[in-house]
Peer 1: 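Okay, here's the structure, questions in a sec.
Reminder, nothing fancy here: chain letters follow the sequence lines and each chain counts from 1.
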2 protein chains.
Amino acid sequence: MTKQQNQKPDYEKMLRKAGVRITRPRRAIVEILTHCEDHPDALEIFRRAAEVDSSISLSTVYRTMKVLEGLGAIHRHAFEGGPSRFEQAGGEHHDHLIDLDTGDVIEFKSDRIEHLQNEIAEALGYDIVHHRLELYGRKRKAS
Amino acid sequence: MTKQQNQKPDYEKMLRKAGVRITRPRRAIVEILTHCEDHPDALEIFRRAAEVDSSISLSTVYRTMKVLEGLGAIHRHAFEGGPSRFEQAGGEHHDHLIDLDTGDVIEFKSDRIEHLQNEIAEALGYDIVHHRLELYGRKRKAS
DNA sequence: CGCCAGATGACACTCAGTTGCAAAAGATTG
DNA sequence: CAATCTTTTGCAACTGAGTGTCATCTGGCG
């Protein structure tokens, strides 16, 4: 009965369409993803889900993330030695700057870089399937 | 009594300088790194080391890679879901294109991309500590 | 409401890497 | 060259992230 279903990907519809059942755990996880502003890892999603329904298991979180990833509903990012972190798909493509002190993730986008990447792959005789561009840095302090 | 010691980083000197002991296992590992043309992972280095001295343990390989990484003598790359792969430092900075079919790694370099990265970080108020740019692709088939 | 393929929770397992520890082996000194 | 004092090693036990197995449960269709 809520009225938000046009901005973010409609996970329920996607799941149904893919012939995947909409179960209580999946509903909870998808709900979390929909409203989340950051890039949580599986354990964090599990914690948030447990607040709503403590019977949800971590395995189910992992499995669900796999399903959603397979449907293209979320993106998985494996930053610098940490566990995979997720974000809902659907927005524009972007890359990430990771704050080394806080773990915060800042999204950015550069058509020029994308373009140069294609040129490079072209020159090497390759077709890019996907790419990964991550900047790791610290806030510049104005002392 | 061999005569190559000017091209590649002189690991023995680096180790000694850092007050790290030059042991038989370390000598073997460093020897492998010096002559290797690819981007092996720890297990592969272990295998190659075992051919020379079968008493070397995998833990020692892991430990040694950590030490060398700490000294800045090698670079560690964590590509797409695989184990860490290593390459000797000392050459010019470059990024990587990974062949999804073979796992081969092709090195490339783009000053323009580097420059754009700095601009972006600058604009976001960050100093880049390091970055990761990986292209994943397949050989373009001329059908 | 009843059915049953698909999903779940619990738990064993894998894989990459790390750690604790007693034994071994570098380096440094006499 | 031997004594000594650390550092390093090999081994095996452990960790963390994620996967696989399987008996049980359940969503959604008739």
Peer 1: Within the 3.5 Å criterion, strictly below it, is a donor on His94(B) or Glu87(B) matched to an acceptor on the partner's side chain?
Peer 2: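 There is such a pair between these side chains.
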Peer 1: So Glu134(A) and Glu134(B), do their side chains get closer than 4.5 Å, heavy atoms only?
Peer 2: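 Glu134(B) vs Glu134(A): side chains apart.
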Peer 1: Set out, in order, the CA-CA distance, both residues' side-chain angles and the distance that settles salt bridge (Lys or Arg N to Asp or Glu O under 4.0 Å) for Asp41(A) and Arg85(A), then state yes or no.
Peer 2: CA-CA 4 Å; Asp41(A) 60 24; Arg85(A) 297 171 63 172; over 6 Å; no
Peer 1: Return yes if a side-chain donor-acceptor contact under 3.5 Å exists between His130(A) and Glu80(B), otherwise no.
Peer 2: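 A pair is found: one side chain offers a donor N or O, the other an acceptor, under 3.5 Å apart.
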Peer 1: Measure from the side-chain heavy atoms of Val20(B) and tell me the nearest of dA7(C), dG9(C), dT8(D).
Peer 2: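 Side chain of Val20(B) sits closest to dT8(D).
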Peer 1: Just the rounded figure in Å: distance from P of dT8(D) to CE of Met65(B).
Peer 2: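 Checked: the CE to P distance equals 16 Å.
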Peer 1: Any side-chain donor paired with an acceptor under 3.5 Å for His39(A) and His75(A)?
Peer 2: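 There is no such pair (donor and acceptor under 3.5 Å, judged by atom type) between the side chains of His39(A) and His75(A).
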Peer 1: Regarding Arg76(B) and Ser84(B), is there a side-chain donor-to-acceptor distance under 3.5 Å anywhere?
Peer 2: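 Yes - a donor-acceptor pair under 3.5 Å links their side chains.
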Peer 1: Between the protein and nucleotides 23-27 of chain D, list every N/O to N/O distance that falls short of 3.5 Å.
Peer 2:
| unit_1 | atom_1 | unit_2 | atom_2 | d |
| --- | --- | --- | --- | --- |
| dG27(D) | O3' | Ile22(A) | O | 3.3 |
| dG27(D) | N2 | Arg21(A) | NH2 | 3.3 |

Peer 1: Atom CG of Leu68(A) and atom C1' of dA7(C): how far apart are they, to the nearest Å?
Peer 2: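 Answer to the nearest Å: 14 Å.
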Peer 1: Would you kindly give the CZ-to-C1' distance between Phe46(A) and dG9(C), to the nearest whole Å?
Peer 2: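 One finds 11 Å between C1' of dG9(C) and CZ of Phe46(A), rounded.
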Peer 1: Using the ring of each side chain (for Trp, its six-membered ring), is Phe79(B) parallel, tilted or perpendicular to His77(B), with breaks at 30° and 60°?
Peer 2: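 Because their plane-to-plane angle is under 30°, the rings of Phe79(B) and His77(B) count as parallel.
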Peer 1: Rounded to whole angstroms, how far apart are CD1 on Ile29(B) and P on dT8(D)?
Peer 2: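 After rounding, the gap between these two atoms is 13 Å.
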Peer 1: Report all interatomic pairs (protein N or O, nucleotide N or O of nucleotides 22-24 of chain C) with separations under 3.5 Å.
Peer 2:
none

Peer 1: Between the main-chain N or O of Glu122(A) and the side-chain N or O of Arg140(B), is there a donor-acceptor pair closer than 3.5 Å?
Peer 2: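 Yes, Arg140(B) side chain to Glu122(A) backbone: donor-acceptor pair under 3.5 Å.
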Peer 1: Let's go through Arg48(A) and Glu44(A) carefully: what are the C-alpha distance in whole Å and the side-chain angles of both, what is the deciding distance for salt bridge (Lys or Arg N to Asp or Glu O under 4.0 Å) to 0.1 Å, and is it a yes or a no?
Peer 2: CA-CA 6 Å; Arg48(A) 296 183 195 177; Glu44(A) 179 57 29; 2.8 Å; yes
Peer 1: Starting from the C-alpha separation in whole Å, work towards a yes-or-no answer on side chain to side chain contact (heavy atoms under 4.5 Å, CB included) for Glu107(A) and Asp95(A).
Peer 2: CA-CA 6 Å; Glu107(A) 303 178 351; Asp95(A) 294 302; over 6 Å; no
Peer 1: So which protein N/O to nucleotides 13-20 of chain D N/O distances come out below 3.5 Å?
Peer 2:
| unit_1 | atom_1 | unit_2 | atom_2 | d |
| --- | --- | --- | --- | --- |
| dG18(D) | OP1 | Ser84(A) | N | 2.9 |
| dG18(D) | OP1 | Ser84(A) | OG | 3.1 |
| dG18(D) | OP2 | Tyr62(A) | OH | 3.1 |
| dT19(D) | OP1 | Lys66(A) | NZ | 3.3 |

Peer 1: Kindly compute the distance separating CG (Asp10(B)) from NZ (Lys17(B)), expressed to the nearest 0.5 Å.
Peer 2: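 If I round to the nearest 0.5 Å, the distance is 10.5 Å.
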